[in-house]
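What follows is one structure encoded as structure tokens, with my remarks underneath.
All figures in this text were calculated on a predicted structure; none of them were measured in a lab.
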Amino acid sequence: MSALTVRQDAQGTYADRLGHTLVGDADIVPGAHEADDRVGHIALDGAGRGVGICRAWLDGDTLTVGSPGVHPDLRHTALRHALLRATCDAARLHGAQQLIMQAWGDTPAETQADTDLGLQAVTVTPIYRSRPA
């Protein structure tokens, strides 16, 4: 499986989440939009497919992360937590002392889990239902 395919699979974990837009290949290659792959993470399943992603940007001592993407079948697991923890730990090794968490449409449980990790969401974009259920 190619590295690009893995990244496409990982990015696709957002596909069913309101407020998330799938992007093209130019937006997910290593370093796209100054993302820092030294600290960001992609989770793989046993077959090598991307089933989770946490993209990160490190600017001096400030780490910026967005809501991690996790495959729908794995959202009941600790994968989201593990991606955030691994990303924050890696960033600390590279000098990060501050965190900016940008959250889009996270559930209250996800927001609470972030708070329990000591993460504070600086930018929270709630997603409102735009059509009847």
Practice prompt. Just jot down the side chain to side chain donor-acceptor pair (under 3.5 Å) partners of Arg38, sequence neighbours excluded, or say none.
Written response: Asp36, His94

Worksheet entry | Over all atoms of both residues, closest heavy-atom pair of Leu58 and Ala96 | CD1-CB, 3.7 Å

Discussion item. Any heavy-atom pair between the side chains of Ser2 and Arg7 that's under 4.5 Å?
Written reply: no

Worksheet item: Do any pairs count as a salt bridge (Lys or Arg N to Asp or Glu O under 4.0 Å) and have a residue in residues 57-78, sequence neighbours left out, and if so which ones?
Response: Asp16-Arg75

Fill in: Asp25 and Gln8, any side-chain heavy atoms less than 4.5 Å apart
yes

Practice prompt. Determine, stepwise, if the pair Val65 / Leu84 fulfils side chain to side chain contact (heavy atoms under 4.5 Å, CB included).
Written response: CA-CA 8 Å; Val65 297; Leu84 275 174; 4.1 Å; yes

Discussion item. Checking the side chain of Asp37 only, and the main-chain atoms of Gly40 only, is there a donor and an acceptor separated by less than 3.5 Å?
Written reply: no

Worksheet item: Looking only at heavy atoms, which two atoms of Gly50 and Ile42 are closest? And how far apart?
Response: CA-CG2, 4.3 Å

Fill in: Minimum-distance pair of heavy atoms, taken over all atoms of Ala32 and Ala26
CB-O, 3.5 Å

Worksheet item: Under 4.5 Å between any side-chain heavy atoms of Arg55 and Ile53, yes or no?
Response: yes

Worksheet item: Who are the side chain to side chain donor-acceptor pair (under 3.5 Å) partners of Thr87, not counting sequence neighbours?
Response: His41

Response to the item:
Looking only at heavy atoms, the pair that brings Gly52 and Ala10 closest together is O-CB, 3.7 Å

Practice prompt. Hey, could you give me the CG/OG distance between Leu83 and Ser67, rounded to the nearest 0.5 Å?
Written response: 12.0 Å

Worksheet item: What is the distance from atom CG of Leu99 to atom OG1 of Thr64, rounded to the nearest 0.5 Å?
Response: 7.5 Å

Worksheet item: Which heavy atom in Gly48 sits nearest to a heavy atom in Val6, and how many Å separate them?
Response: O-CG2, 3.4 Å

Worksheet item: Any sub-3.5 Å donor-acceptor pair from Trp57's side-chain atoms to His33's backbone N or O?
Response: yes

Fill in: Heavy-atom side-chain proximity of Leu79 to His71 below 4.5 angstrom
no

Worksheet entry | Contact check, side chains of Val70 and Val51, non-hydrogen atoms, under 4.5 Å | no

Worksheet entry | Candidate pair Asp45 and Leu74, rule side chain to side chain contact (heavy atoms under 4.5 Å, CB included), full reasoning | CA-CA 10 Å; Asp45 67 7; Leu74 299 172; 5.7 Å; no

